[in-house]
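Heads up: numbering here begins at 1 and tracks the sequence. Remember, predicted model here, so these are calculated numbers, not experimental data.
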Amino acid sequence: MHDVTAVAHRGDPYRVRENTLASLRSALHRGADAVEFDVRLTRDGVPVLLHDETLKRLWAHDRPLRSLSWEEVRGLTDGGVPALPDALSATEGSRVMLDLPGAPHPRAVRRIVDVVREHGAQDRVYYCAGAAAMLAVRAADPSAEIALTRTTLAPPRAGFLEAIRPRWLNYRFSLVDRALADRVHRDGYLLSVWTPDTRRSMRRLLALGADSITTNRIDILHTLRNTNAQP
């Protein structure tokens with residue numbers, strides 16, 4: 001079987017609260033090749049790990065992140081929301097798939113890319129999100145590795161592909177079939193999929209030749225991949 005990158009979605013969220021340092025470390029301990037996490041900016045421009053626009057779901061504070069300073073976020077979450085440099089330190093030596101949710105402004109994207117560069121992590125970080133965010137990443141870092149996220153079966157527009165120059169096309173796993181997998185590979189891209197959490201779905205995607213699988217159940221994927229790789 002070809003090599004498959006096992007990516008932990010927001011860390012190890014079935015065991016540890018998502019997008020926290022403990023969750024990232026748990027995922028790596030359980031066999032992740034890479035960890036995926038979400039990054040947004042606080043009011044004062046600090047990149048932090050949070051998927052949602054507010055702290056409500058994870059931290060029980062219905063406060064928009066963009067209205068809070070970094071110090072306020074730390075206080076409301078008792079230090080539970082990490083800043084991007086801390087997450088990069090916690091994953092030192094491992095690949096990181098950095099998701100940019102919420103159609104961030106190009107200035108916000110540039111700030112995130114600058115922090116990655118300042119931390120010396122640009123060679124192990126790659127970025128995923130929709131076309132607008134990935135165009136901003138490409139403008140901020142011409143050498144960035146990009147996984148262009150897709151939520152439809154319609155082929156990406158040629159102009160976007162030329163401008164973004166992704167290495168990966170990153171599809172919702174339920175969209176992927178043999179025809180799509182063959183088309184992605186025929187067009188010269190690697191196929192990334194998100195986020196299957198059942199053994200049945202993972203086995204199907206492994207059989208279709210997915211190059212990367214992002215999941216909330218990294219332990220299951222790690223076991224299946226290693227079992228399938230045995231002669």
Side-chain angles (χ1 to χ4, degrees), residues 7 9-11 18-20 24 35-59 61-77 80-89 91 96-152 154 156-172 192 194-195 214:
V7 183
H9 187 239
R10 307 179 194 170
E18 69 180 54
N19 280 329
T20 60
L24 305 184
V35 290
E36 181 266 6
F37 53 76
D38 307 279
V39 179
R40 294 177 181 267
L41 294 191
T42 61
R43 185 185 69 218
D44 49 348
V46 176
V48 300
L49 275 60
L50 190 71
H51 175 269
D52 302 350
E53 293 182 355
T54 78
L55 299 175
K56 183 177 181 180
R57 177 173 63 91
L58 290 178
W59 303 99
H61 295 287
D62 196 7
R63 304 281 299 277
L65 181 68
R66 65 176 179 272
S67 72
L68 299 169
S69 70
W70 167 228
E71 287 302 319
E72 289 172 324
V73 171
R74 290 181 66 191
L76 289 169
T77 65
V81 172
L84 177 56
D86 295 325
L88 293 174
S89 293
T91 58
V96 171
M97 181 185 237
L98 202 158
D99 195 1
L100 306 181
H105 190 278
R107 286 196 299 271
V109 173
R110 181 170 291 278
R111 174 60 183 149
I112 293 166
V113 172
D114 285 346
V115 169
V116 170
R117 184 183 295 113
E118 291 161 8
H119 199 81
Q122 60 267 40
D123 290 341
R124 63 186 179 92
V125 168
Y126 59 122
Y127 301 86
C128 68
M134 294 301 93
L135 282 169
V137 168
R138 180 57 69 215
D141 182 358
S143 65
E145 182 177 347
I146 286 174
L148 177 61
T149 297
R150 303 292 298 162
T151 58
T152 173
R157 290 170 53 185
F160 278 138
L161 292 174
E162 183 177 352
I164 295 171
R165 290 183 284 114
R167 183 183 183 199
W168 308 79
L169 294 184
N170 186 39
Y171 279 89
R172 184 186 299 275
S192 172
W194 51 276
T195 38
T214 302

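The pair R111-D114 fails the salt-bridge criterion, with no side-chain N (NZ, NE, NH1 or NH2) lying under 4.0 Å from an Asp/Glu carboxylate O.
Residues N170 and M97 form a side-chain contact, since some pair of their non-hydrogen atoms from C-beta on lies under 4.5 Å apart. Looking at S69 and T42, their side chains never come closer than 4.5 Å, going by heavy atoms from C-beta outward. At a threshold of 4.5 Å between non-hydrogen side-chain atoms, the residues V116 and Y127 count as touching. Side-chain contact between L98 and L84 is present, with heavy atoms from C-beta onward closer than 4.5 Å. Considering only heavy atoms from C-beta on, R124 comes within 4.5 Å of V96 through its side chain.
Exactly one of S192, P156, P166 qualifies for a side chain to side chain contact (heavy atoms under 4.5 Å, CB included) with R150. That residue is P156. Checked options R172, E36, H9; the residue passing with W194 is R172 (criterion: side chain to side chain contact (heavy atoms under 4.5 Å, CB included)).
Going from atom CD of E18 over to atom CG of L24 covers 10.5 Å, rounded to the nearest 0.5 Å. Within the model, atoms CG of L58 and CG of L49 stand 11.0 Å from one another, a figure rounded to the nearest 0.5 Å. With rounding to the nearest 0.5 Å, the separation of CZ in R138 from CD1 in I146 is 4.0 Å.
R57 CZ: more than 12 foreign heavy atoms inside a 6.0 Å radius. More than 12 heavy atoms of other shown residues, nucleotides or ligands fall within 6.0 angstrom of atom CD in E118. For CZ of R117, the number of neighbouring non-hydrogen atoms (other residues, nucleotides, ligands) closer than 6.0 Å is greater than 12.
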Checklist entry - What do the steps show when you test L161 against L169 for side chain to side chain contact (heavy atoms under 4.5 Å, CB included), and what is the final call? => result CA-CA 10 Å; L161 292 174; L169 294 184; 4.1 Å; yes

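For R63, the side-chain contact (heavy atoms from CB on, under 4.5 Å) partners two or more places apart in sequence, or in a different chain, are H61, L68, L76.
Counting only residues at least two apart or on different chains, the salt bridge (charged side-chain N to carboxylate O under 4.0 Å, His left out) pairs with a member in residues 39-51 are R43-E72.
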